[in-house]
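See below for the structure under consideration.
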Amino acid sequence: MSEAVQMKSTYRVIARDGAAKSALFTTVHGEVKTPVFMNVATAAAIKGGVSSADLEGIGTQIALCNTYHLRLRPGDDIVYRMGGVRAFMDWHKPVLTDSGGFQVFSLSERRRITEQGVEFRSHIDGRKLFMGPEESMRIQSHLGSTIAMAFDECPPALAERDYVQASVDRTTRWLFRCIRELQRLNGLSGTVNPDQLLFGINQGAVYDDIRIEHAKRIAALDLPGYAIGGLAVGETHAQMYQVLEQTVPHLPAEKPVYLMGVGTPENILEGVRRGVDFFDCVYPSRNGRHGHVYTAYGKLNLMNRRFATDERPPEEGCPCPACRRHSRAYIHHLFKAGELLGKRLAVLHNLCFYNRLMSEIREAIAEGAYDRYADRRIAEMHAGESEQTLA
RNA sequence: GUGACCGUGGCAGAAAUGGCUUAUGCGCCGGAUUGUGGUUCCGGAUUAUGCGGGUUCGAGUCCCGUCGGCCACC
């Protein structure tokens, strides 16, 4: 099971600055400049009423959809018949699909794990759904995403060592099954994307030695990309950064590294500093829906009374559709009045904020000034937060 | 005009025969959220029993008066 995997993508590093790197990842669905933040569209939609056209307007390079959720609704067979998830949502840039592995964690009350796979009880109607490596690959093949993620188990950060070791070993066996199944599916006629890529996922909670051993093991498979999963699930930031420092050096330097589910702007700045290329997180969309908007000087809760008469845009100088035309006061009002538009504008702004952050990060790396840039951004965010506390 | 019923925070609306500092929901003020079970979850505040008297150890609850509302009848 050590034969190299041939998949159509190229990864070309444009600039390095310490461990930070900026690269061009080329796929059959287009190029992605890294570091990049993937915009999360779990059910083939950005929650909060943001459309594919909106994403094009704010510089989104790649969207992320979810296998478990689309399997349940509308069903991968329907998405397949509609030409795959990209045609379905009329989004013609790359899409990465998460495998359902995270739901093994987030829906832990509703599933049972065996060697074969995971049996879920649907959170929608309670019906049983079995998903193992083969099922996940079959669904993702139907969805036709650019990048399929390996089906893994995401164990909680606090899990005991013995459990984590056993879980990681199983995740490794599942990865072999994912590879075999996806290669078979890519070769079938009628496949939506016969060049679908597979990223492997490193696990090991906060046990450095398990992480490292697992990283070496999967690095040898020469997959088109590698993810670090099982972080931001209960450990401290210090632990998360420590895991990155230990693990990233053992993943192939000539392949993209994806830190799954992370995170805050600060998490991202620190992740890039340690060699991460891809990020995704629900924060910009979920926080936007809850009235929180990101700015260079920290996060604002526009629901707060102090914004009722604030004439400034959510973030001064931001080119997004919300900031170009609307005031904090207006968006505050929309939230108070329960108007959908409030959520839409806040989510749009937040995604634009993240996309712009990534673009600046790439520039800073290209200029060889990444550390200074990251330090400054982090300091500004903290300065802003303390100002708000005083006010 | 006569009679009945009813007045509890910003609003709605509970408090068994009188018995500890009167719920609860909404709203309000904050906070949380990391590969999205989130229109979610958690916390907090309001000097709430129309007004005035009385009975009682003790009154939102009983009595009298008064103001207001509402209904029925004339």
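Residue numbers begin at 1 in each chain, while the letters A, B, ... track the order of the sequences. Owing to the predicted nature of the structure, the values given are computational and were not obtained by experimental measurement.
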Just to confirm, is there a sub-4.0 Å distance from OP1 or OP2 of [N] to any side-chain nitrogen or oxygen of [X]?
X      : N     : result
A:T264 : B:U34 : no
A:N301 : B:C29 : no
A:N304 : B:G30 : yes
A:Q103 : B:G35 : no
A:R305 : B:C28 : no

Can you tell whether the side chains of [X] and [Y] come within less than 4.0 Å, N to carboxylate O?
X      : Y      : answer
A:D277 : A:K255 : no
A:D54  : A:R344 : yes
A:E134 : A:R177 : yes
A:E316 : A:R328 : no
A:E380 : A:R376 : yes

If we take the [atom1] atom in both [N] and [M], what is their distance in whole Å?
N     : M     : atom1 : value
B:A23 : B:A16 : C1'   : 15 Å
B:C67 : B:C20 : C1'   : 33 Å
B:A45 : B:C28 : C1'   : 8 Å
B:A12 : B:U2  : P     : 30 Å
B:G53 : B:G60 : P     : 15 Å
B:U66 : B:G1  : P     : 13 Å
B:C6  : B:G13 : P     : 15 Å
B:C70 : B:U24 : P     : 31 Å

Touch class at under 4.0 angstrom, heavy-atom based, for A:E266 against every strand present: nothing
Sugar-phosphate, base or nothing in reach of A:G100, heavy atoms under 4.0 Å: nothing
Of the options [options], whose atoms approach the side-chain atoms of [X] most closely?
X      : options             : result
A:N267 : B:G35, B:U34, B:U33 : B:U34
A:D152 : B:U33, B:G35, B:G38 : B:G35
A:H290 : B:U36, B:G35, B:A32 : B:A32
A:K336 : B:U34, B:C29, B:U36 : B:C29
A:L64  : B:G35, B:G37, B:U34 : B:G35

Flag, side chain of A:D17 to backbone of A:I365, donor-acceptor distance under 3.5 Å: no
is_close_aromatic(A:Y258, A:Y226), centroid dist under 6.0 Å: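 Aromatic pair excluded; centres sit 6.0 Å or further apart.
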Ring centres under 6.0 angstrom apart (A:Y297, A:H382):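 For A:Y297 and A:H382, the ring centres are not under 6.0 Å apart.
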Spacing between [X] atom [atom1] and [N] atom [atom2], to the nearest angstrom:
X      : N     : atom1 : atom2 : answer
A:Y226 : B:G35 : OH    : C1'   : 18 Å
A:F102 : B:U34 : CZ    : P     : 7 Å
A:M240 : B:U34 : CE    : P     : 12 Å
A:N287 : B:U39 : CG    : P     : 13 Å
A:N39  : B:G35 : CG    : P     : 13 Å
A:L198 : B:G35 : CG    : P     : 20 Å
A:N350 : B:U36 : CG    : C1'   : 15 Å
A:D280 : B:U34 : CG    : C1'   : 9 Å

Residue closer to the 5' end of RNA chain B, A:I201 versus A:M303 (nearest nucleotide): A:M303
Nearest-nucleotide 5' precedence on RNA chain B, A:K343 against A:I46: A:I46
So, under a plain 3.5 Å distance rule, would you say the side chain of [X] forms a donor-acceptor pair with the base of [N]?
X      : N     : result
A:S285 : B:U36 : yes
A:H69  : B:U36 : no
A:R110 : B:G37 : yes
A:H237 : B:U34 : yes

Geometric class of the A:F37/A:Y354 ring pair [parallel <30°, tilted 30-60°, perpendicular >60°]: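 Correct class here is tilted.
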A:E115, CD atom: more than 12 neighbouring heavy atoms under 6.0 Å: yes
RNA chain B stem ranges, 3 or more consecutive Watson-Crick or G-U pairs under 3.5 angstrom: B:1-3 with B:71-73, B:5-7 with B:67-69, B:10-12 with B:24-26, B:28-32 with B:40-44, B:50-54 with B:62-66
